[in-house]
Amino acid sequence: MQTASRFGALTIAEVRLTPILIADPPLLNTQGVHQPYTPRLIIEVVTGDGTTGVGETYGDTRYLELARPLAAALPGHGVSDLNGLFTLAERVCGDPAEVSDSVDVGGLRGVQTADKLRLSIISGFEVACLDALGKVQGLPVHALLGGKVRDAVDYSAYLFYRLAAHPDGQDESDDWGAALDPAGVVAQARRFADTYGFGSFKLKGGVFPPDEEIAAVRALAEAFPGQPLRLDPNGAWSVETSLYVARELGDVLEYLEDPASTTERMAEVAAGTEVPLATNMCVTTFPEIEEAFTRKAVQVVLSDHHYWGGLRNTRELAAICRTFGVGLSMHSNTHLGISLAAMTHVAATVPNLDYACDSHYPWQTEDVITRRHEFTDGRLTVSDLPGLGVALDQDALKALHQRWVDDDGSMRDRDDAAAMRKADPDWKTPSVPRW
Ligand code: GKR
Ligand code: MG
């Protein structure tokens with residue numbers, strides 16, 4: 001328990017929640033296509049001495065419904081009492097109205113559960129508290145997590161099949177153009193490599209029939225010989241198809257990510273191939289670890305502080321993976337610079353982060369921080385400034401919030417299938433296995 005005064009530097013005096021909509025390009029995945037705007041939630045935690053810490057997480061309606069009661073309950077809570085934050089969230093958040101056993105499109109991250117939604121909200125608050133605590137104490141977030149074990153964190157290029165423009169004509173257009181075949185994917189990868197120096201490449205698959213995606217990965221292997229490649233169809237394939245792809249690409253893949261959609265299917269695939277299987281779909285919470293690890297269904301877990309419940313839980317996940325000899329990588333969804341700072345701080349503290357991390361960041365043209373992160377040689381330098389080392393751009397935050405206010409409701413919840421129906425009115429979320 002905190003002993004600081006209610007109005008002291010270590011006590012939360014105010015919490016501000018700002019839902020925003022950020023521009024997102026027409027990236028394709030097995031569910032559909034990204035909408036022109038995607039929701040995020042920016043959390044500001046202000047301590048008794050006026051220090052502000054910032055956090056970022058999912059901003060869809062069902063997340064906001066959980067965030068609001070937590071924000072209201074936090075004033076008076078110690079900013080360093082992060083264990084207490086979890087207890088408080090369990091008490092005040094309740095269960096979200098709509099939790100189904102369908103795949104969570106807002107992340108293609110396995111089945112939706114109330115726990116996962118709650119943890120995704122807690123993580124944004126935890127990051128904001130750590131940022132505030134670091135600023136109060138003059139320490140970077142990585143120091144609050146035990147200290148960095150590396151000065152820079154490697155990221156991989158996150159390649160997507162994509163359209164040139166959004167099907168509904170709403171366009172915060174960019175100049176990337178379409179990428180719908182092997183040549184388009186290689187051109188995209190070339191630009192990522194030239195601009196940011198990325199040395200490893202992940203292709204989001206599950207969009208085209210497997211042979212087309214195999215051809216794209218082969219083209220990447222020819223264009224970037226010896227460089228690590230990954231393919232992730234978000235569980236779109238049957239066990240047979242997964243094994244076929246593993247055979248075709250076994251010599252060039254660093255890992256195959258979520259070829260099949262359940263732990264059971266992943267275990268069957270793993271039993272039939274030497275290619276390591278990675279996941280951010282069948283191991284997404286602590287209770288899912290035991291079955292997947294005992295059945296040797298996955299060889300690499302993609303951590304994500306948003307849905308594992310924060311930076312400290314990410315380190316706990318890392319320790320479990322280390323114990324069981326399972327590799328660790330990092331997953332990403334559409335996010336802004338606050339989340340990238342948080343990802344980089346925690347990644348810097350994990351000794352067994354064996355792979356370059358995923359990040360959607362290069363696809364985002366907007367941000368709520370005053371200085372965008374810059375990748376050099378595919379890496380980000382770990383900040384030693386107090387807290388996360390980022391400053392909130394209040395004008396940008398206001399403008400992106402206004403977009404959320406003005407929205408007719410159609411963009412406030414991520415819905416890749418709805419966006420796809422603008423191009424193809426008959427489009428339905430494909431059932432899995434799709435191929
Ligand atoms: O943003 O389309 C996307 C991705 O497919 C994302 O939703 C996934 O969560 O990138 C993710 C993944 O690795 O599965
Ligand atoms: Mg994935």
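Both counts, for ligands and for their atoms, begin at 1 and track the order of listing.
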Please confirm whether [X] makes a cation-pi placement over [Y], using NZ or CZ under 6.0 Å from the six-membered ring centre and within 45° of the ring normal.
X    : Y    : result
R40  : Y58  : yes
R372 : Y361 : yes
R190 : F224 : yes

Notebook entry, point to check: Taking NZ, NE, NH1 and NH2 as the nitrogens, is one of them in D251 or R218 under 4.0 Å from a carboxylate oxygen of the other?
Noted result: yes
Check: Are R230 and D358 ion-paired here, with the side-chain N under 4.0 Å from a carboxylate O?
Finding: yes
Would you mind telling me if ligand 1 is within reach of the side chain of [X], the backbone, both or neither, using heavy atoms under 4.0 Å?
X    : value
R414 : side chain
H331 : side chain
R230 : neither
D232 : side chain
L27  : neither

Notebook entry, point to check: Does an N or O anywhere in N29 fall below 3.5 Å from an N or O of ligand 1?
Noted result: yes
Next item on the list: Please indicate whether any nitrogen or oxygen in N280 is less than 3.5 Å from any nitrogen or oxygen in ligand 1.
Entry: yes
Checklist line | F201/F192 aromatic ring centres below 6.0 Å | finding: no
Using a cut-off of strictly less than 2.8 Å, determine whether [X] has an N/O/S atom near the Mg ion (ligand 2).
X    : result
D258 : no
T279 : no
D358 : no

Notebook entry, point to check: Looking at D154, L340, T381, T195, which hits side-chain contact (heavy atoms from CB on, under 4.5 Å) with F375?
Noted result: L340
Margin query: Using the side-chain contact (heavy atoms from CB on, under 4.5 Å) definition, which of the options V127, L130, V141 pairs with H345?
Written below: V141
Next item on the list: Check whether any heavy atom of K202 sits under 4.0 Å from an atom of ligand 1.
Entry: yes
Check: By atom name, which N, O or S atom of E257 is the nearest to the Mg ion (ligand 2)?
Finding: OE2
Next item on the list: Specify which N/O/S atom of D232 comes nearest to the Mg ion (ligand 2), by atom name.
Entry: OD2
Margin query: Tell me whether W427 contacts the main-chain N or O of Q31 through its side chain, where contact means a donor paired with an acceptor under 3.5 Å.
Written below: yes
Notebook entry, point to check: Donor-acceptor pair, D407 side chain versus S410 backbone, under 3.5 Å?
Noted result: yes
Which atoms of ligand 1 sit under 4.0 Å from any heavy atom of [X]?
X    : answer
S332 : 10 (O), 11 (C)
N333 : 1 (O), 6 (C), 7 (O), 9 (O)
H34  : 1 (O), 2 (O), 3 (C)
Y158 : 4 (C), 10 (O), 11 (C), 12 (C), 13 (O)
N234 : 5 (O), 12 (C), 14 (O)

Notebook entry, point to check: Using the ring of each side chain (for Trp, its six-membered ring), is Y196 parallel, tilted or perpendicular to F198, with breaks at 30° and 60°?
Noted result: tilted
Note to self: Is it the case that the side chains of D384 and H142 hold a donor-acceptor pair, with the cut-off being a distance below 3.5 Å and no angle test?
What the structure shows: yes
Item checked: From the candidates H360, M281, K204, M330, the one that places a heavy atom nearest atom 5 (O) of ligand 1 -> K204
